[in-house]
Amino acid sequence: VMAMMNLERDAVLKGQDSKAKTQKAIADHKFWKTQPVVKPDDGPVLEDGVIEPNHPPEKVRKEPYPLPNDFEWVIMDIDDEKQLKEIYDLLSANYVEDDDASLRFNYSPEFLHWVLKHPGYRKTWHIGVRVTSSQKLVAFISGIPHELRVREQAFHSTEINFLCVHKKLRSKRLAPVLIKEVTRQCHLTGVFQAIYTAGVVIPTPISCSRYYHRTINAKKLLEIGFAAVPHNMSEEAHIKRYELPKETSVVGLREMTSDDVPAVGKLMRRYMRRFDMAPRFNDEEIRHVFLSGRGSETGGKRVGQVTWSYVVENPTTKAITDVFSFYSLPSSILDHPTHKDLNAAYLFYYATDAAFETPTNDPQPEAASSTSASSTSPLARAIAEGVEEWQRSNITGLNEIELEDEKRVTNWQDESPETKKKIKARLNELCRDALIIARDNDFDVVNCLTVMDNPLFLQEQKFGPGDGFLRFYLFNWRIQPIAGGMGSRPGE
Ligand code: MYA
């Protein structure tokens, strides 16, 4: 799951962590050197845009890529509980671990179902590999559709996630076959761009962000060695440092409901417009992203909850002024006698109208142009000009009226000091309440990345830098580096 950022290529190139220092020469990337991605020795990118043109349908390979003998492809049906459980079992035993193999992501079946069923999802993008004889699932890769905006251009893309090969089958060059097969499936549906994140350095990161952690259950984090007491502090003082107020304090804070979807959609799209790169969610996606991971109500208790979403409603005007969310992604604690799970919450999407000079939900610019909007959209123009469908697939049909509204924002880098102060103060209030809610829901730690406006509240909310870095990549999209340095917002 991705949240977007400003680019921090400098950090990658300067080698901010050990993995970055060990970057191989491009010639040694037998697979990646053949792919449409920016190569480190390409020279400066002069203009953002595609690397290779879309393939016409007849040029897209019809047969799946060959697998080694004894293995076969399978399209996984995530609505079938048994198959969902197979993906869960594969990932829970073989997916991403931290550097010293003490923690491993433990995405729940409910999480996988929620995230893989993104609106417009394609079954054919949930790809597995089975051992032919035993039918055991031994590898997986997935994609979900997104409209991605990079600076002033938006295009259909797939977000690739959950690439996993069973530990016993590593280093056999299975990963490149999985990547080629998911690429083929995307091409078959007319999608030619992708975004993905990884801890590893491959050609070529467009951004790098760092994990930050906010201790909630200080005692447990000490017991499992996830945190240590600073030498100038007693354990008691350390534990006390992370105590939070009893109750939330933002006036008008409440759980988001279905009725909030249109207002949240507008707020989110406008807020995200301030960043250089972000997915652009329509209202259906907003509903899914914020609400469909809420689990089900059984006997007054919520079960299977993976997302928590809150809005702030102004008590007088009833306008929705803010939204925030987080999701549950536990990690298995490997080799600890008593503690088996680290209950981690991850800060997810949020938005606040403190970032805008004009109110969030003021009337839209006069609808005079509403009839012409569709005929002036890039997609409508392309259709009118007779551009063939396969060539059109990376042109998105942005609703230009709303786009106008989104444009009434300032890129975060150009914000006035007063606006920045306002955003910072508001985000600190919102984050504090999010931490309180996380504590009340038994989370041990709240994690986030240095993406979006997060650096504005990390220090005040007592997040500490972790060892982990996450790199962002684009497939078949060349992109100019953007100034910004380490952290989405330098100098906080
Ligand atoms: S990131 C999470 C990745 N998963 C894990 O870290 C889980 C634990 N590890 C494993 O399961 C395996 O180690 C994996 C590699 C499967 C990762 N992204 O088969 P191999 C390259 C991209 O011998 P294995 C996520 O899910 C490597 O540089 N490439 O290696 C996003 C080398 O190529 P080259 C990677 O260790 C995934 C080749 O694979 C990654 O057995 C986005 C070696 O293959 C990685 N994380 O298996 C995928 N790790 O020689 C790209 C290794 O050239 C999507 N490699 O250096 C691209 C867009 C596709 C869609 C396009 C649509 C238009």
Side-chain angles (χ1 to χ4, degrees), residues 1-2 19 22-40 50-55 60-61 65 67-68 71 87 90-99 101 103-107 112 115-116 122 124-129 137-146 148 155-206 329 331-332 390 393-394 468-477:
V1 174
M2 101 194 134
K19 279 183 190 149
T22 57
Q23 184 162 6
K24 289 195 288 187
I26 184 67
D28 298 329
H29 287 286
K30 280 202 174 57
F31 170 64
W32 281 109
K33 74 177 179 193
T34 66
Q35 298 300 299
V37 292
V38 172
K39 314 283 160 49
V50 299
I51 295 172
E52 69 177 25
N54 297 359
H55 305 322
V60 180
R61 187 188 162 104
Y65 282 91
L67 280 168
F71 297 99
I87 301 172
L90 172 72
L91 296 180
S92 65
N94 300 281
Y95 201 50
V96 178
E97 297 177 4
D98 64 348
D99 277 349
L103 294 168
R104 183 165 56 233
F105 280 145
N106 187 16
Y107 287 90
L112 295 168
V115 84
L116 292 176
R122 301 278 191 164
T124 52
W125 296 3
H126 303 157
I127 302 170
V129 172
L137 183 72
V138 288
F140 185 68
I141 191 166
S142 68
I144 54 166
H146 262 165
L148 187 67
F155 46 87
H156 291 298
S157 67
T158 171
E159 181 188 334
I160 301 290
N161 208 346
F162 305 117
L163 166 62
C164 186
V165 167
H166 192 284
K167 287 189 173 192
K168 292 212 169 115
L169 296 170
R170 294 277 166 87
S171 304
K172 296 183 190 303
R173 313 296 302 180
L174 253 182
V177 190
L178 284 156
I179 295 169
K180 283 195 286 189
E181 183 59 13
V182 79
T183 302
R184 187 183 75 87
Q185 291 288 5
C186 290
H187 286 177
L188 281 173
T189 50
V191 173
F192 295 88
Q193 271 71 38
I195 178 162
Y196 46 105
T197 60
V200 294
V201 181
I202 44 177
T204 300
I206 56 157
L329 166 50
S331 277
S332 305
W390 62 269
S393 58
N394 59 344
F469 288 79
L470 190 70
R471 295 177 173 84
F472 289 78
Y473 298 91
L474 289 178
F475 185 91
N476 196 16
W477 194 262

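Ligands are counted one by one from 1 in listed order, and the atoms in each one are counted from 1 as well.
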Does Val191 approach ligand 1 within less than 4.0 angstrom via side chain, backbone, both or neither, non-hydrogen atoms only?
-> backbone

Any non-hydrogen atom of Lys167 lying under 4.0 Å from ligand 1?
-> no

Heavy-atom neighbours of Arg122 CZ exceed 12 at 6.0 Å = no

Closest non-hydrogen protein atom to atom 28 (O) of ligand 1, residue and atom name please, with distance?
-> Ile202 CG2, 3.5 Å

Under 4.0 angstrom from atom 52 (C) of ligand 1, is there any protein heavy atom?
-> no

Any protein heavy atom sitting closer than 4.0 Å to atom 5 (C) of ligand 1?
-> yes

Ligand 1 contact on Tyr196 by region, counting heavy-atom pairs under 4.0 Å | side chain

Minimum side-chain heavy-atom gap Trp477-Leu148 below 4.5 Å = no

Considering heavy atoms of the protein only, find what lies nearest to atom 59 (C) of ligand 1 and give residue, atom and distance to 0.1 Å.
-> Thr183 OG1, 3.4 Å

Which of the ligand 1 atoms, numbered from 1, are nearer than 4.0 Å to a heavy atom of Leu174 = 19 (O)

Check: of Leu178, Leu169, Leu163, Val96, min heavy-atom distance to atom 45 (C) of ligand 1 comes from Leu163

Close-contact set for ligand 1 against Ala194 heavy atoms, below 4.0 Å = 58 (C), 60 (C), 61 (C), 62 (C)

Ligand 1 atoms nearer than 4.0 angstrom to some heavy atom of Thr158 are 62 (C)

First locate atom CZ of Phe105, then atom CG of Asp98, and finally report the distance between them rounded to the nearest 0.5 Å.
-> 9.0 Å

of all protein heavy atoms, closest to atom 24 (P) of ligand 1 is Ser171 N, 3.7 Å

Is ligand 1 under 4.0 Å from a heavy atom in the side chain of Gln193, in the backbone, in both, or in neither?
-> backbone

Could you tell me which non-hydrogen atom of Phe140 sits nearest to which non-hydrogen atom of Ile127, and how far apart they are?
-> CD1-O, 3.1 Å

Would you confirm whether any non-hydrogen atom of the protein falls under 4.0 Å from atom 14 (C) of ligand 1?
-> no

Atom 12 (C) of ligand 1: which protein heavy atom is closest, and how many Å away?
-> Arg170 NE, 3.4 Å

Would Asn476 count as a contact of ligand 1 if the rule is a heavy atom under 4.0 Å away?
-> no

Taking heavy atoms and a distance under 4.0 Å, where does Phe475 meet ligand 1: side chain, backbone, both or neither?
-> side chain

State whether the side chain of Arg471 and the backbone N or O of Gly199 hold a donor-acceptor pair below 3.5 Å, judged by distance alone.
-> yes

Contact region, Asn94 to ligand 1, non-hydrogen atoms below 4.0 Å, reads backbone

For Gln185, which of Ile141, Val60, Thr124 qualifies under side-chain contact (heavy atoms from CB on, under 4.5 Å)?
-> Thr124

Specify side chain, backbone, both or neither for Lys172, according to which of its non-hydrogen atoms lie closer than 4.0 Å to ligand 1.
-> backbone

To the nearest 0.5 Å, what is the distance between CD1 (Ile195) and CD1 (Ile206)?
-> 5.5 Å

Which one holds for Ala175 and ligand 1: side chain close, backbone close, both close, or neither close, with close meaning a heavy atom under 4.0 Å?
-> both

All heavy atoms of Gln193 vs all of His156, minimum pair found to be CB-O, 3.9 Å

Provide the number and element of each atom of ligand 1 under 4.0 Å from a heavy atom of Lys24.
-> 56 (O)

Thr158 side-chain N/O to Ala194 backbone N/O, donor-acceptor pair under 3.5 Å = no

NZ (Lys168) with more than 12 external heavy atoms under 6.0 Å | no

Who's the nearest protein heavy-atom neighbour of atom 49 (N) of ligand 1, and how far?
-> Val200 CG2, 4.3 Å

So OH of Tyr95 and CD1 of Ile87: to nearest 0.5 Å the spacing works out to 12.0 Å

Shortest protein heavy-atom distance from atom 43 (C) of ligand 1, along with the residue and atom involved = Arg173 NH1, 3.6 Å

Atoms of ligand 1 close to Phe192 [distance to a heavy atom under 4.0 angstrom, numbered from 1] = 63 (C)

Flag, side chain of Asn476 to backbone of Glu52, donor-acceptor distance under 3.5 Å | yes

min-distance protein heavy atom vs atom 25 (C) of ligand 1 -> Thr197 O, 3.8 Å

Minimum heavy-atom distance Val165-Ala175, with the two atoms named | CG2-N, 4.4 Å

Look only at interatomic distance and state if His29 has a nitrogen or oxygen under 3.5 Å from any nitrogen or oxygen of ligand 1.
-> yes

Numbered atoms of ligand 1 (with element) below 4.0 Å of Asn161, judged on heavy atoms = 26 (O)

Phe31 heavy atoms, cut-off 4.0 Å: which ligand 1 atoms fall inside?
-> 33 (O), 34 (P), 50 (O), 53 (O)

For ligand 1, which atoms sit closer than 4.0 Å to a heavy atom of Lys30?
-> 34 (P), 50 (O), 53 (O)

Looking only at protein heavy atoms, which one is nearest to atom 21 (C) of ligand 1, and how far off is it?
-> Trp32 NE1, 3.9 Å

NZ of Lys33 to CG of Asp28, rounded to nearest 0.5 Å, is 8.0 Å

